[in-house]
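Throughout, residue positions are numbered sequentially from 1 according to the sequence presented. These figures come from a predicted structure and were not determined experimentally.
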Amino acid sequence: MIYLDSAATVPVRREVLEAMWPALTQDFGNPSSHHTVGEAASRALEYARGKAAGVLGCRPGEIVFTSGGTEANNLAVKGIALARPRGRHLVTSAVEHPSVQEAAEYLERFHGFRTTRIPVDGTGTVDLAALEAALTAETTLCSVMYANNEVGTVQPVAEIGRLCKAAGVPFHVDAVQAAGWLPLDVAGLGADALSLSGHKLGAPKGSGLLYLAGRLPLEPLVHGGGQERGRRSGTENVAGAVGTATALALAEAERAEAAPRLARYRDDLVRQVLDALPEAVLTGHPQDRLPGSASFCFPGTSGEAVLLELERRGIVCSSGSACHAGSDEPSAVLLAMGIDPAVAQTAVRLTLPASVQEAEVALAARSVVAAVRQVQALIR
């Protein structure tokens, strides 16, 4: 099997398991307990906080550990908006992850907010002029993802950050897909809040974090014990925090080598597929995309049939976001990019893990071509 669905998840790294083991065994205490076992757990938690802060270029106290990217996005969007309602106006894009889109919808339904969803062009890139025009004295928060989970398009987040700063609007970045592949320095991005997920990096599922600038007020989603400096109550998942911070630091250390290598593999894969299947459509930005992300539509086929044929050939990939797997509806991201609904139903996404070998990518490219031709023959 060749696994090419790293945008959904990747295996837990051995180094991460080894780092987590003491927090699961000898330092197993509740970090809020005032005895030696609890204090050992507290030290492990603060070690993880400092390690993550080092990658993001922020203070350790600005790191809030969460159960993953979805919670981090909800905490940022709802927490900042409810603590600082201003004009109860949100700005986001038409291609955000459901955890941002639906958090905004919640604020609309129950708290009287309105949301401006900025359109994207055919590559999935946000319209900067429209975004700048949308930022007003009434705007409470702007939330735009760094890189798209379905088509891999990288947004001009540093420019968006500058526009938000000029308008005095807090800026949240969903960086779940960008971690390990793109720079995460929060000052350089102009981010006031930034979300990450551990399991995209080699930590276990159910762990993640939110960077929150110290000056920003936040209304917590979970109330109770006042953990995480009152921003996220509940006994902390110390092992998960250690795992997420370790995976993040490892990915950042390897980024300079891994990102350009995977970009080469990706470009070879795209070229081979488009050369052999001229009717195929590469979705997302042709250059400004994640290094390991190659997404296509194959008009006249069924995306689900192509995926089944690929798996039969030993290639595991997907049609898009794992969060909407099994849905009969075409991708909202592809529709926002202006792709016909019938064509959007033929989407196939291949996202390369850092461990992939060049020969495996070459085999995957040949397999995609063969699978599409097989499905085309059956449909005809």
Side-chain angles (χ1 to χ4, degrees), residues 5 7-8 69-70 73 77 90-109 114-131 133-134 142-157 160 173-174 176-178 270 273-274 277 279-290 293-308 317-351 368 372 375 379:
D5 197 19
T70 290
N73 282 341
V77 175
L90 306 172
V91 173
T92 186
S93 86
V95 293
E96 295 303 306
H97 188 270
S99 58
V100 168
Q101 295 277 26
E102 294 180 24
E105 291 168 7
Y106 163 83
L107 290 169
E108 291 169 3
R109 289 196 308 273
R114 61 186 179 87
T115 303
T116 300
R117 294 174 176 83
I118 306 302
V120 297
D121 63 17
T123 70
T125 304
V126 168
D127 183 331
L128 286 178
L131 188 144
C142 176
S143 179
V144 177
M145 61 174 24
Y146 199 163
N148 188 265
N149 53 308
E150 293 190 36
V151 298
T153 296
V154 176
Q155 302 292 354
V157 290
I160 296 171
V173 177
D174 172 1
V176 166
Q177 294 294 334
V270 169
V273 170
L274 295 182
L277 300 168
E279 71 279 12
V281 177
L282 177 69
T283 57
H285 198 284
Q287 290 85 38
D288 295 334
R289 64 190 303 134
L290 288 170
S293 178
S295 54
F296 304 91
C297 285
F298 299 107
T301 69
S302 158
E304 206 59 39
V306 172
L307 291 174
L308 290 171
C317 53
S318 67
S319 59
S321 173
C323 299
H324 279 177
S327 171
D328 292 331
E329 297 299 316
S331 159
V333 169
L334 296 181
L335 296 182
M337 291 165 56
I339 295 175
D340 182 88
V343 175
Q345 295 278 29
T346 71
V348 172
R349 177 187 73 175
L350 302 100
T351 47
V368 169
V372 171
V375 172
I379 291 175

Engineer: Go through the steps to decide whether Ser143 and Asp174 satisfy the test side chain to side chain contact (heavy atoms under 4.5 Å, CB included), and finish with yes or no.
Structural biologist: CA-CA 7 Å; Ser143 179; Asp174 172 1; 5.6 Å; no
Engineer: Tell me if a side-chain donor or acceptor on Asn148 pairs with a main-chain N or O of Val95 at a distance below 3.5 Å.
Structural biologist: yes
Engineer: With rounding to the nearest 0.5 Å, note down the distance linking NE2 in His97 to CD in Gln177.
Structural biologist: 8.0 Å
Engineer: Let me see the working for Arg289 and Ser295 under side chain to side chain donor-acceptor pair (under 3.5 Å), right down to the final yes or no.
Structural biologist: CA-CA 10 Å; Arg289 64 190 303 134; Ser295 54; 3.2 Å; yes
Engineer: List in chain and number order the residues that pass side-chain contact (heavy atoms from CB on, under 4.5 Å) with Ala134, two or more places apart in sequence or in another chain; answer none if no residue qualifies.
Structural biologist: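 Ala134 satisfies side-chain contact (heavy atoms from CB on, under 4.5 Å) with Val91, Thr116, Ile118 only.
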Engineer: Is there a donor-acceptor contact under 3.5 Å linking the side chains of Ser318 and Asp5?
Structural biologist: yes
Engineer: Taking atom SG of Cys297 and atom CE of Met337, what is their separation to the nearest 0.5 Å?
Structural biologist: 8.0 Å
Engineer: Looking at residues at least two apart in the chain, or sitting in another chain, which of them share a side-chain hydrogen bond (donor to acceptor under 3.5 Å, both in side chains) with Ser331?
Structural biologist: Glu150
Engineer: Can you list everything that forms a side-chain contact (heavy atoms from CB on, under 4.5 Å) with Leu274? Sequence neighbours excluded, please.
Structural biologist: Val270, Ala280, Leu282, Phe296
Engineer: Would you check if the side chain of Glu279 reaches a backbone N or O of Phe298 as a donor-acceptor pair within less than 3.5 Å?
Structural biologist: no
Engineer: Which residues pass the side-chain hydrogen bond (donor to acceptor under 3.5 Å, both in side chains) test with Thr346, not counting sequence neighbours?
Structural biologist: none
Engineer: State whether the side chain of Ser99 and the backbone N or O of Asn73 hold a donor-acceptor pair below 3.5 Å, judged by distance alone.
Structural biologist: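 Such a contact is absent between Ser99 side chain and Asn73 backbone.
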Engineer: How many angstroms lie between atom CG of Leu290 and atom NE2 of His285, to the nearest 0.5 angstrom?
Structural biologist: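 Taking CG in Leu290 and NE2 in His285, the distance rounds to 13.0 Å.
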Engineer: Run the numbers on Thr351 and Cys317 for side chain to side chain contact (heavy atoms under 4.5 Å, CB included), then give the verdict.
Structural biologist: CA-CA 7 Å; Thr351 47; Cys317 53; over 6 Å; no
Engineer: Between Val343 and Pro299, which heavy-atom pair has the shortest distance, and what is it?
Structural biologist: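 Closest heavy-atom pair between Val343 and Pro299: CG1-CG, 4.1 Å.
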Engineer: For Glu108, what residues pass the side-chain contact (heavy atoms from CB on, under 4.5 Å) criterion, not counting sequence neighbours?
Structural biologist: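 Listed in chain order: Glu105, Thr115, Arg117.
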Engineer: Within the 4.5 Å heavy-atom criterion, are Thr92 and Cys142 side-chain neighbours or not?
Structural biologist: no
Engineer: Ala332: what forms a side-chain contact (heavy atoms from CB on, under 4.5 Å) with it, not counting sequence neighbours?
Structural biologist: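 With neighbours one apart ignored, the set is empty.
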Engineer: Assess the residue pair Thr153 and Asp288 against the criterion (side chain to side chain contact (heavy atoms under 4.5 Å, CB included)); give the C-alpha distance rounded to whole Å, side-chain angles, the decisive distance to 0.1 Å, and a yes or no.
Structural biologist: CA-CA 6 Å; Thr153 296; Asp288 295 334; 5.7 Å; no
Engineer: Of the non-hydrogen atoms in Ala344 and Leu334, which two are nearest, and what is the gap between them?
Structural biologist: O-CD1, 3.8 Å
Engineer: Could you list the residues that satisfy side-chain hydrogen bond (donor to acceptor under 3.5 Å, both in side chains) with Ser293, not counting sequence neighbours?
Structural biologist: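 Applying side-chain hydrogen bond (donor to acceptor under 3.5 Å, both in side chains) to Ser293 gives none.
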Engineer: Report yes if the side chains of Ile339 and Thr283 come closer than 4.5 Å at any heavy-atom pair, otherwise no.
Structural biologist: yes
Engineer: Got a sec, which residues hit side-chain hydrogen bond (donor to acceptor under 3.5 Å, both in side chains) with Gln155, two or more places apart in sequence or on another chain?
Structural biologist: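 Here no residue qualifies.
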Engineer: Test side chain to side chain contact (heavy atoms under 4.5 Å, CB included) on Leu350 and Val368; report intermediate values, then the result.
Structural biologist: CA-CA 10 Å; Leu350 302 100; Val368 169; 3.9 Å; yes
Engineer: Got a second to check how far Met145's CE is from Glu96's CD, nearest 0.5 Å?
Structural biologist: 5.0 Å
Engineer: In a table with atom names and distances, give each donor-acceptor pair under 3.5 Å that connects a side chain of residues 119-130 to protein atoms at least two apart or in another chain.
Structural biologist:
from: Asp121; atom 1: OD1; to: Thr123; atom 2: N; distance (Å): 2.9
from: Asp121; atom 1: OD1; to: Thr123; atom 2: OG1; distance (Å): 2.7
from: Asp121; atom 1: OD1; to: Gly124; atom 2: N; distance (Å): 3.2
from: Asp121; atom 1: OD1; to: Thr125; atom 2: N; distance (Å): 3.1
from: Thr123; atom 1: OG1; to: Thr125; atom 2: OG1; distance (Å): 2.8
from: Asp127; atom 1: OD1; to: Ala129; atom 2: N; distance (Å): 3.0
from: Asp127; atom 1: OD1; to: Ala130; atom 2: N; distance (Å): 3.0

